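As the structure is a computational prediction, the values presented were derived from the model and not from experiment. Throughout, a chain's letter reflects where its sequence line sits, starting with A, and its residues are numbered from 1.
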Amino acid sequence: MGGRTINVLNVAEKPSVAKSVATILSRNQGLRIREGRSRYNKIFEFSYSIRGQPCHMLVTSVTGHLMELEFDERYRKWHSCDPAELYHAPVRKYVPEDKKDIRRTLEEEARRCQWLVLWLDCDREGENIAFEVIEVCAAVNRHLILKRARFSALIDREIHEAVQNLVEPNQWFADAVDARQEIDLRIGASFTRFQTMLLRDAFAMDSVTDDKNLVLSYGPCQFPTLGFIVERYWEIQSHEPEEFWTINCSHRSDEGLATFNWMRGNMFDYTSAVIIYEMCVEEPTATVTNVRHHERLKYPPHPLNTIELEKRASRYFRMSSEQTMKVAEELYQAGFISYPRTETDTFPSRTDLHTIVEEQQGHPDWGSYAQRLLDSGAGLWRNPSSGGHDDKAHPPIQPTKFSTGESGWREEHWKLYELVVRHFLACVSQPAVGAETIIELDIAGELFSASGRVILAKNYLDVYRFESWGGSMIPPYVVGQQFIPTALTLDSGVTRPPPLLSEADLLSCMDKEGIGTDATMHDHIKKLLDRFYATKDTNMRFTPTNLGESLVMGYDDMGYKLWKPYLRAVMERDMKAVSEGAKSKAEVLASSLQQMKACFLDARLNKVKLFEAMEVFFERSNRSGGDEQHVAGEVVRRCGLCQEEDMVLKRKPDGNFMVGCLGFPQCRNAIWLPGPVSEAAVTTNICNICTPGPVYKIQFKFRLLEIPPNYNANHLGCIGGCDETLIQLIEICGTGSRMPARGRGPTAPSSNGYQSNTRQGSCIYCQETGHSSSGCPSQLSVSRNARSRGMNHHNEGTSVSCSTCGTPCALRTANTANNRGRKFYSCPSRDCNFFVWEDSVNNGTGGSSLGSNTGRTSNASRNSGRGRGNRGGLHAAATAFVSATGDPVSGRRCFVCGDPSHFANGCPNRGT
DNA sequence: GCAAGGTC
């Protein structure tokens, strides 16, 4: 090799990498810097030798993608074409306006170079950007020789090795991204245009926003993210509290107080709990059966990556992920922390951890801790653990410059810098050490246990002030020791639904299901807020808006998983196949676009489902103009709800029949007819049972294949409530409509149009289990108006407000073994524990068998939902069997009625 | 006026 000097154009993904590469390769010798056409992307120049070839090196950068994908001009305008055409409309890549100056720099420099070396990040997106750079440069210099530098970190050895071992750019990687971009664009644009144009003007959405240009966007990342929020919301709505019982024991001695928990945990059968409890009270002597001591370690966190930074900032400082990334970016730009967009939670082995700690020694708050870390005699140092993720591009987030705070910093800068530093110091520290004691008791054959913990060494907890480790003292006990408990109580509680999703929960869901990347997750969350699909409360928890819930409900009723993460997962698999050469880009594009187009066309055919879902929450707008004309039909009877208009038989555009009030949308009385109806016509035959009359009978024809064999295809039926055949067919086959019930849990099947109607054992009208549909008090007529926000299918009114927080409480129906059918009010607010049985409100006792309105489980037990065996706190629950003197033995009396002449299991007043 | 992905 050797010979005359060649010009080499080096291009990095961002200015900071260009600077690092240039600094490392030039060894800071003879490095010249000049301006490019764009403000941020400088050009570095120096001499270098690649495998003996003398080179004049020019190092510059882009800022991420240089190009965007867009439809051809003819398809840009929303009304320019049918959205279905967007699945095959021509697309092209172009350099957007704000990137044109970068393109000019590349063109100008490429003209005078012989080689182009691509220093883009070594991931799929980076490879794709590499080809964008190639496209621009090769267009002005056909003779350019193209090379790719592969590096995994910006350190000397890696960079020098990379430049001496240049490889070919990887077309497969770039193709995978091309496919992803095209699929995202076509699906996103087609569904967004479709649902925006369909719904925006059809419904009065002033309650959502005054913005007349509201866009109802659909995206393969934003919708699954919304789906997580809605799903949790539904789970909460459909939660049925279950009453449970547990025995608590406490013992106060000169040494202090010990609280023992029943080892059976929570028992859901009242009678069994009472019987066991009475056995304990009859023989209350406690014998200590076991005393165990052992050492416990609490480990520091793994090195910090983006998602953990976002989650922790949300938990510790209540910062949104979007805000966190903005502030982290600013700290990064100013050089205080390392690159904040990283998946890596493992320090590369060559990281000089000691130097980073040394830099922090002078800090007034954590400087002395840093000094202790460096003192080998203190034994505080520990080599950091590995979280097991490495994106091969960036290290974990760590401090890169010492600061005691800068004049331009806001509170968020302070907090985030402190988090990054303390997190780093924690990572290289020993775990906290605790001594735990567990004491086990036997009372009448029942086992109880208590535990205590003493922290022996705080270690990393000294610097990581965001975490704590509760220590609780427990008096000493010895095996064989006996005592009479100070209190032995039978306490009750009810299971609580899980909480709304927090921002940290949401990020975890997205991470787990592969929705978005660490650099974009916060964007998707913000988009949901910007689009009015969800709101975030002061506790950083997300609730879907009516709009968000309607959209998910609509697609769910079509039976589509468009709001689930599967679509993205399939796409991710396809991308992987393309990047490995197992499938071609064209293959993946053709198959997934064909599938998505079919899905789109089908969704459009079923658009009535979206309408119905929207009708649950929104009034029809006058502007609707009749996109969804209801065909006027024949009168069946007078509307019993508004008593002003007639109910008429209609066939919906999807082919299903219903009887609806002509007063729609003011009156929403509607009766949905069985799905298998193929024809229906109102006759002059008047039902002689149903009142108020007249109710005209309808001649039905059913599709034989869709109904059970013992039913006839032809049926003269009545919709007034007397017709068992009709009721049974609706129960068996479902209606053509979505059901009035919400609160569907994740287990609800939805593979066919009838799924929500075929659940066993519950009434199809009101979804309650206490009666069958033929005995439903609402009969066939269900007012869709009742299905408003915040009321689930158990709601019967909102006449009680929470005495704790004032929130109106829904009246619901219990479905527990002991209280089936019994009504109760419970506060919908997450942090409120208000609960009261309706009968105790009505008879003026104000309390319930739970002893008080606050007999709730604690926060700690909520996450487990129906958590059998959960030991959540029950401290405020009924205290049933402790005498005034504190001696349980002398105070023996029936738990149920208080009579000392018998126990609860023989009580004549006890319910079953 | 649509997506998601880079990054400033």
Side-chain angles (χ1 to χ4, degrees), chain A residues 12-18 36 38-42 61-71 75-81 83 85-87 89 91 93 95-96 98-99 101-102 120-133 173-174 176-198 200-201 211-225 306 325-326 328-330 332-334 339-341 391 393-394 510 514-527 530-531 562 567-568 571-572 575 596 600:
Chain A
E13 189 156 323
K14 43 188 166 281
S16 64
V17 172
S38 89
R39 237 176 89 203
Y40 304 105
N41 308 83
K42 316 278 182 209
S61 55
V62 289
T63 46
H65 277 288
L66 189 56
M67 297 178 168
E68 280 178 19
L69 194 66
E70 193 41 286
F71 291 107
Y75 299 88
R76 295 273 180 93
K77 289 256 187 307
W78 279 39
H79 290 279
S80 66
C81 68
E85 287 182 54
L86 298 177
Y87 286 90
V91 288
K93 274 193 169 188
V95 178
D98 62 336
K99 298 287 174 71
D101 46 5
I102 297 177
L120 294 122
D121 292 358
C122 293
D123 52 24
R124 288 192 299 230
E125 294 295 334
E127 212 65 31
N128 190 270
I129 300 170
F131 280 85
E132 294 174 356
V133 172
F173 267 44
V177 172
D178 280 343
R180 196 264 307 146
Q181 286 177 344
E182 195 174 326
I183 293 167
D184 283 349
L185 176 65
R186 293 185 188 279
I187 295 174
S190 58
F191 273 94
T192 300
R193 289 185 192 182
F194 158 66
Q195 66 186 23
T196 304
M197 294 192 288
L198 179 71
R200 184 181 58 195
D201 294 330
D211 185 1
K212 293 284 176 271
N213 291 322
L214 180 71
V215 171
L216 307 185
S217 64
Y218 176 88
C221 284
Q222 48 179 284
F223 250 59
T225 306
T306 304
M325 291 312 290
K326 188 166 172 286
E329 177 67 28
E330 286 164 6
Y332 162 68
Q333 290 295 331
Y339 190 67
R341 288 182 283 273
D391 62 15
H394 305 285
M510 296 170 77
I515 302 300
T517 67
D518 48 281
T520 61
M521 284 179 187
H522 66 271
D523 285 336
H524 301 311
I525 295 174
K526 181 162 185 293
K527 183 149 276 173
D530 292 345
R531 297 288 191 212
L562 287 169
L567 189 64
R568 199 73 195 161
M571 175 136 35
E572 183 55 37
M575 274 178 73
M596 280 310 296
F600 176 82

Sugar-phosphate, base or nothing in reach of T63(A), heavy atoms under 4.0 Å: base
Trace of the salt bridge (Lys or Arg N to Asp or Glu O under 4.0 Å) decision for D178(A) with K93(A): CA-CA 10 Å; D178(A) 280 343; K93(A) 274 193 169 188; 3.0 Å; yes
Phosphate OP1/OP2 of dA3(B) contacted by R568(A) side-chain N/O (<4.0 Å): no
Gap between atoms CG and C1', on D523(A) and dT7(B) respectively (whole Å): 11 Å
Touch class at under 4.0 angstrom, heavy-atom based, for G126(A) against every strand present: nothing
Atom pair distance, as rounded to whole Å: CG in D178(A) and P in dG5(B): 15 Å
N or O in side chain of R39(A) less than 4.0 angstrom from dT7(B) OP1/OP2: no
Sugar-phosphate, base or nothing in reach of Q181(A), heavy atoms under 4.0 Å: base
Length of the line joining Y218(A):OH and dG1(B):P, which is rounded to integer Å: 23 Å
Pair S16(A)-Y332(A), side chain to side chain donor-acceptor pair (under 3.5 Å): steps then yes or no: CA-CA 10 Å; S16(A) 64; Y332(A) 162 68; 2.8 Å; yes
Salt bridge (Lys or Arg N to Asp or Glu O under 4.0 Å) evaluation trace for R568(A) with E572(A): CA-CA 6 Å; R568(A) 199 73 195 161; E572(A) 183 55 37; over 6 Å; no
Nearest listed nucleotide, side chain of C221(A), among dC2(B), dA4(B), dC8(B): dA4(B)
For atom CD of E125(A) and atom P of dA3(B), their distance in whole Å: 17 Å
Touch class at under 4.0 angstrom, heavy-atom based, for T517(A) against every strand present: sugar-phosphate
Closest to side chain of R193(A), choosing from dA3(B), dC2(B), dG6(B): dC2(B)
I102(A) or G219(A), whichever maps to the more 5' nucleotide of DNA chain B: G219(A)
Atom-pair distance (CE on M575(A); P on dG6(B)), nearest Å: 9 Å
Verdict with supporting geometry, E125(A) and R180(A), salt bridge (Lys or Arg N to Asp or Glu O under 4.0 Å): CA-CA 10 Å; E125(A) 294 295 334; R180(A) 196 264 307 146; 2.7 Å; yes
Plane angle bin for F191(A) and F600(A) - parallel if under 30°, tilted between 30 and 60°, otherwise perpendicular: perpendicular
Distance below 4.0 Å between H524(A) side-chain N/O and dA3(B) OP1 or OP2: no
Aro-ring/base stack W78(A)-dG1(B), d under 5.5 Å, angle under 30°: yes
Closest-nucleotide ordering on DNA chain B, the 5'-leading residue of H394(A) and F71(A): F71(A)
Gap between atoms CZ and P, on R76(A) and dG1(B) respectively (whole Å): 11 Å
Sugar-phosphate only, base, or nothing, as touched by F191(A) at under 4.0 Å among non-hydrogen atoms: nothing
Euclidean distance, atom CD of residue E68(A) to atom P of dC2(B) [Å, nearest integer]: 12 Å
Sugar-phosphate only, base, or nothing, as touched by Y75(A) at under 4.0 Å among non-hydrogen atoms: nothing
Closest listed nucleotide, where the reference is the side chain of H79(A) and the choices are dA3(B), dG6(B), dG1(B): dG1(B)
Options dG1(B), dT7(B), dC8(B), nucleotide nearest the side-chain atoms of Y339(A): dT7(B)
Sugar-phosphate, base or nothing in reach of L69(A), heavy atoms under 4.0 Å: base
N/O donor-acceptor pair under 3.5 Å between S190(A) side chain and P83(A) backbone: no
Sugar-phosphate only, base, or nothing, as touched by D121(A) at under 4.0 Å among non-hydrogen atoms: sugar-phosphate
Short side-chain N/O contact to dT7(B) OP1/OP2 from R341(A), under 4.0 Å: yes
Atom-to-atom span, CD of E70(A) to P of dA3(B) - whole angstrom: 11 Å
From dG1(B), dG6(B), dA3(B), nucleotide with atom closest to T520(A) side chain: dG6(B)
side-chain N/O S217(A) vs dA3(B) OP1/OP2, d < 4.0 Å: yes
Touch class at under 4.0 angstrom, heavy-atom based, for R124(A) against every strand present: nothing
Touch class at under 4.0 angstrom, heavy-atom based, for K527(A) against every strand present: sugar-phosphate
Sugar-phosphate, base or nothing in reach of P15(A), heavy atoms under 4.0 Å: sugar-phosphate
Under 3.5 Å donor-acceptor, E132(A) side chain and L66(A) backbone: yes
